[in-house]
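In this text, all values refer to a predicted model and were calculated from it rather than measured experimentally. Because only heavy atoms are used, hydrogens play no part in the values below, and waters and symmetry mates are left out as well, while side chains stay in. Ligands are counted one by one from 1 in listed order, and the atoms in each one are counted from 1 as well.
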Amino acid sequence: GVHGVRLDSGTVQRPGPVALLLQDVTEARRVEAVRRDFVANVGHELKTPVGALALLAEAIEGAADDPEAVQRFAGRIAHEADRLGRLVRELIDLSRLQGGEPLPELLPVEVDRVLAEAVDRTRTAARAKKLDIVVGGQPGLRVRGVENQLATAVTNLLANAVAYSEGESRIAVAARSRSGFAEITVTDSGIGIPRADRHRIFERFYRVDQSRASSTGGTGLGLAIVKHVASNHGGSVTVWSEEGLGSTFTLRIPLAEPADHPMSPPAVVP
Ligand code: ADP
């Protein structure tokens, strides 16, 4: 977009035509650089599981007379294939959300159903870590949106709360109505996010700590997807976090009107 230039006196001056042209060129270069980075990142992210699969296939060949080893390697192949599958699914989600496809019609969506669906999808992972997911807040809220996109967004927030929490703690999901928006919060008492990283975690492929992220099998795309879902709905996502105490993510989505009929979607934000 075009921004005014703020002078010391506090007045705002619009850039002239030459400045505008330069700004367009700079913007085009920036978009191109982002695209190149993205392709490089995808390549890098795909190389790791593909390399692991090749090594595991070799290992299985060499262990043909050791059934236990074959079992173990087969398990790891399944794990890597899983990871690869998730990465590809998330890449497809992200490219759709980024405006590759027109948005479906925004319809009234029951927030309770979105929360229930997201909890359903993460319950097994939570149980495995002895984490309790508690749903609270205000029942009966309706937003205008695309139900499966909203469910994906809340699922990603919940999956992170599970991934970055230690056992035997509690994760709270709640919805409240606030000045025309439904505020959906996901709160954990997990490891938290260092201040220096907080503004970058919504970027594609950004992870706070490679080693800690790879042990959780993360792709670095989950929050980028949440951010796109939020902006496609005319909403937002923000985070509060304190290292060692936990994190709260807040997703704001416009409420549906009381007697809502189908509305046309807002413009897609790149
Ligand atoms: P990932 O697949 O790595 O989880 P995300 O885009 O979902 O990717 O998140 C980006 C990074 O933000 C994560 O790698 C993690 O470091 C940090 N993060 C996200 N959610 C949480 C959370 N609830 N608690 C602590 N750190 C989090």
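Annotation for ligand 1: atoms under 4.0 Å from non-hydrogen atoms of Phe249 are 20 (N), 23 (N). Atoms of ligand 1 found under 4.0 Å from any heavy atom of Tyr206 (numbered from 1 in listed order, with element): 10 (C), 11 (C). Taking a cut-off of under 4.0 Å to the non-hydrogen atoms of Gly220, the atoms of ligand 1 that pass are 1 (P), 2 (O), 3 (O), 6 (O), 8 (O). Using a 4.0 Å cut-off to heavy atoms of Arg207, the atoms of ligand 1 that qualify are 3 (O), 14 (O). Of all atoms in ligand 1, numbered sequentially from 1 with element shown, those under 4.0 Å from a heavy atom of Gly222 are 5 (P), 6 (O), 7 (O). Heavy-atom proximity to Leu221, at under 4.0 Å, picks out these atoms of ligand 1: 6 (O), 8 (O).
At least one side-chain heavy atom of Glu166 sits less than 4.5 Å from a side-chain heavy atom of Ile191.
By the 3.5 Å distance cut-off applied to N or O atoms, Val208 is counted among the residues near ligand 1. Looking at ligand 1, you'll find an N or O of Asp188 within less than 3.5 Å of one of its N or O atoms. Between Ile193 and ligand 1, no pair of N/O atoms sits closer than 3.5 Å. The shortest N/O to N/O separation between Ala224 and ligand 1 does not fall below 3.5 Å.
Listed by chain and number, the residues in a side chain to side chain contact (heavy atoms under 4.5 Å, CB included) with Thr238 are Thr250, Arg252 (sequence neighbours excluded).
Under a 4.0 Å heavy-atom criterion, Gly192 is in contact with ligand 1.
Scanning both residues, Lys227 and Phe202, for their nearest heavy atoms gives CD-CB, 3.8 Å. Here the closest non-hydrogen pair linking Glu45 and Thr219 is OE1-O, 4.5 Å.
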